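Okay, so here's the structure we're looking at.
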Protein chains: 2
Amino acid sequence: MPTSRSYRDSCGIARALDVVGERWALLVVRELLLVPQRFSELRHALPHASSNLLADRLRELEHHGVIGRRKLTSTAGPQVYELTEWGRKLEPIVLALGDWGIDAPNPPEPTSLSATSVLIFLRGAARPDSPPIVCRLDLDGSVWTVCVASGKVQVHSGEPATADISLRTDPKTLGSLLADPASLDTALAEGSVALVGDLLALKRLLYGG
Amino acid sequence: MPTSRSYRDSCGIARALDVVGERWALLVVRELLLVPQRFSELRHALPHASSNLLADRLRELEHHGVIGRRKLTSTAGPQVYELTEWGRKLEPIVLALGDWGIDAPNPPEPTSLSATSVLIFLRGAARPDSPPIVCRLDLDGSVWTVCVASGKVQVHSGEPATADISLRTDPKTLGSLLADPASLDTALAEGSVALVGDLLALKRLLYGG
DNA sequence: CCGCATCCGATTGGATACTG
DNA sequence: CAGTATCCAATCGGATGCGG
């Protein structure tokens, strides 16, 4: 009679929530939107989730077919978690939920902000009509490529072939920069942001124009 | 130090989940998408949620500004819960989540299916390019108007001014009908669906064509 | 270190009963 | 009808352990 934890409701909304409605589940999906990640990377991205809980969610999401795991090297070695084809269809929903949540009150400090989160926000905020640019972005040591070209903003993991500008900072600082353009100068001055390349190009990328 | 139940993550997605991520919250929102509802109506729509939990969620959603409560008569009397302007912005997100959840495995029986759920599904499934029609729909005693006109499908609570066809059934039967067109004839025969008007018009409304 | 599993106190969810 | 009060089971969060 434990009747599991299902909503036992035939509606598609309830059935979706049976799969991704439990605590942390959609944040795991968020983390996997840009790139497959390893267990330890997910832990770093979601520092307020305990390890057992994260392991539970990953197992459940895998069991429901939202994510899969793939070995990086054949036969024993590190593995990454990635969205399945079905799981990837959550992307527009999760992004829309993020837009909606912008208007919510801020959570109590201290807060976390993962690289994936801020990159998703940057991708949505960057003006696609700004001039083409390739930016190398080093966030907490992991390297990303932000590319604006022909009206599209792309973000993916790894080194760019060539870069117009190069930025090194951490997710929370980048988040502050996006929220408050005025903070860019002081961040550069105190070294929390290191820039190689044209400052004006960076401002166009982050704030449009 | 209880550090509440917040995700403590600055990302908009996490902040949205701080508001509507708790159990039952989004199903309450779903119930209020079509029409404001009273406490007892919500209980009937979500029979697997206990009363204290429903009261808790309503209080929290109100506190966060997703829903509000309004007195039907001035000074003491019944009250209804309704979405705020901000809460109404969840509609496309919740509908998209429902579309995604259609592909999820069905929950274990027995399942519930509220009038709102099935009407939302009907509204999305009905072909807007079918001929104009006004349908009076009596679901478990509450009356709705389904109106197809000029390429739009509308569903709202209450009696239509005039109706081309009139249907009386319950949400679960209507859900079965939408899922399986072949079940319509037997449902009519055994009386679980009562139709007044043109059967062909009903089939066009439910299944397109 | 990485990828979990185990243990435990604090919260939360669920069912029933009860009150204004 | 519209919720509270109460009790108990399940879950969460945090710390720790542990094999590879």
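All of these numbers come straight from a predicted model, not from anything done at the bench. Every chain is numbered from 1 and lettered A, B, ... according to where its sequence line falls, protein lines coming before strand lines.
- Contact of the Leu174(A) side chain with the Leu113(A) side chain is not registered, since no non-hydrogen atoms from C-beta on lie closer than 4.5 Å.
- In terms of modelled atom types and a separation under 3.5 Å, the side chain of Trp86(B) and the main chain of Asp103(A) share no donor-acceptor contact.
- Atom pair Asn52(B):CG and dA9(D):C1' shows a separation of 14 Å (rounding to whole Å applied).
- Regarding Arg8(A), its CZ atom lies at a distance of 6 Å from the P atom of dA15(C), rounded to whole Å.
- One interatomic measurement links the two molecules: CG of Leu54(B) to C1' of dA5(D), which rounds to 16 Å at whole-angstrom precision.
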Which atoms of nucleotides 1-3 of chain D (N or O only) lie under 3.5 Å from a protein N or O atom, and what are those distances?
{"from": "dC1(D)", "atom 1": "O3'", "to": "Arg38(B)", "atom 2": "NH2", "distance (Å)": "3.2"}
{"from": "dA2(D)", "atom 1": "OP1", "to": "Arg38(B)", "atom 2": "NE", "distance (Å)": "2.8"}
{"from": "dA2(D)", "atom 1": "OP1", "to": "Arg38(B)", "atom 2": "NH2", "distance (Å)": "2.6"}
{"from": "dA2(D)", "atom 1": "OP2", "to": "Ser40(B)", "atom 2": "N", "distance (Å)": "3.2"}
{"from": "dA2(D)", "atom 1": "OP2", "to": "Ser40(B)", "atom 2": "OG", "distance (Å)": "2.6"}
{"from": "dG3(D)", "atom 1": "OP1", "to": "Gln79(B)", "atom 2": "NE2", "distance (Å)": "3.1"}
{"from": "dG3(D)", "atom 1": "OP2", "to": "Gln79(B)", "atom 2": "NE2", "distance (Å)": "3.1"}
{"from": "dG3(D)", "atom 1": "OP2", "to": "Tyr81(B)", "atom 2": "OH", "distance (Å)": "2.9"}

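- OP1 or OP2 of dC12(D) lies within a sub-4.0 Å distance of a side-chain N or O belonging to Arg57(A).
- Separating the CZ atom of Arg5(B) from the C1' atom of dG14(D) is a distance of 13 Å, rounded to the nearest angstrom.
- Regarding contacts with the backbone of dG13(D), a side-chain N or O of Trp24(A) is found under 4.0 angstrom from either OP1 or OP2.
- Side chain of Tyr7(A) to main chain of Asp18(A): no donor-acceptor pair is present (N/O by atom type, distance under 3.5 Å, no hydrogens or angles).
- Separating the CG atom of Leu46(A) from the P atom of dC12(D) is a distance of 15 Å, rounded to the nearest angstrom.
- Rounded to an integer number of Å, the gap from Asp56(A) CG to dT6(C) P is 11 Å.
- Heavy-atom neighbours of Glu85(B) CD from other residues, nucleotides or ligands within 6.0 Å: at or below the threshold of 12.
- Atom CG in Leu53(A) sits about 19 Å away from atom P in dG9(C), given to the nearest Å.
- Atom pair Tyr7(B):OH and dC12(D):C1' shows a separation of 11 Å (rounding to whole Å applied).
- Qualifying side-chain hydrogen bond (donor to acceptor under 3.5 Å, both in side chains) partners for Ser10(A), counting only residues two or more places apart in sequence or in other chains: Thr111(B).
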Please report, to 0.1 Å, the donor-acceptor pairs under 3.5 Å made by any side chain of residues 45-56 of chain A, with sequence neighbours excluded.
{"from": "Ser50(A)", "atom 1": "OG", "to": "Asn52(A)", "atom 2": "OD1", "distance (Å)": "2.7"}
{"from": "Asp56(A)", "atom 1": "OD1", "to": "Arg59(A)", "atom 2": "NH2", "distance (Å)": "2.9"}

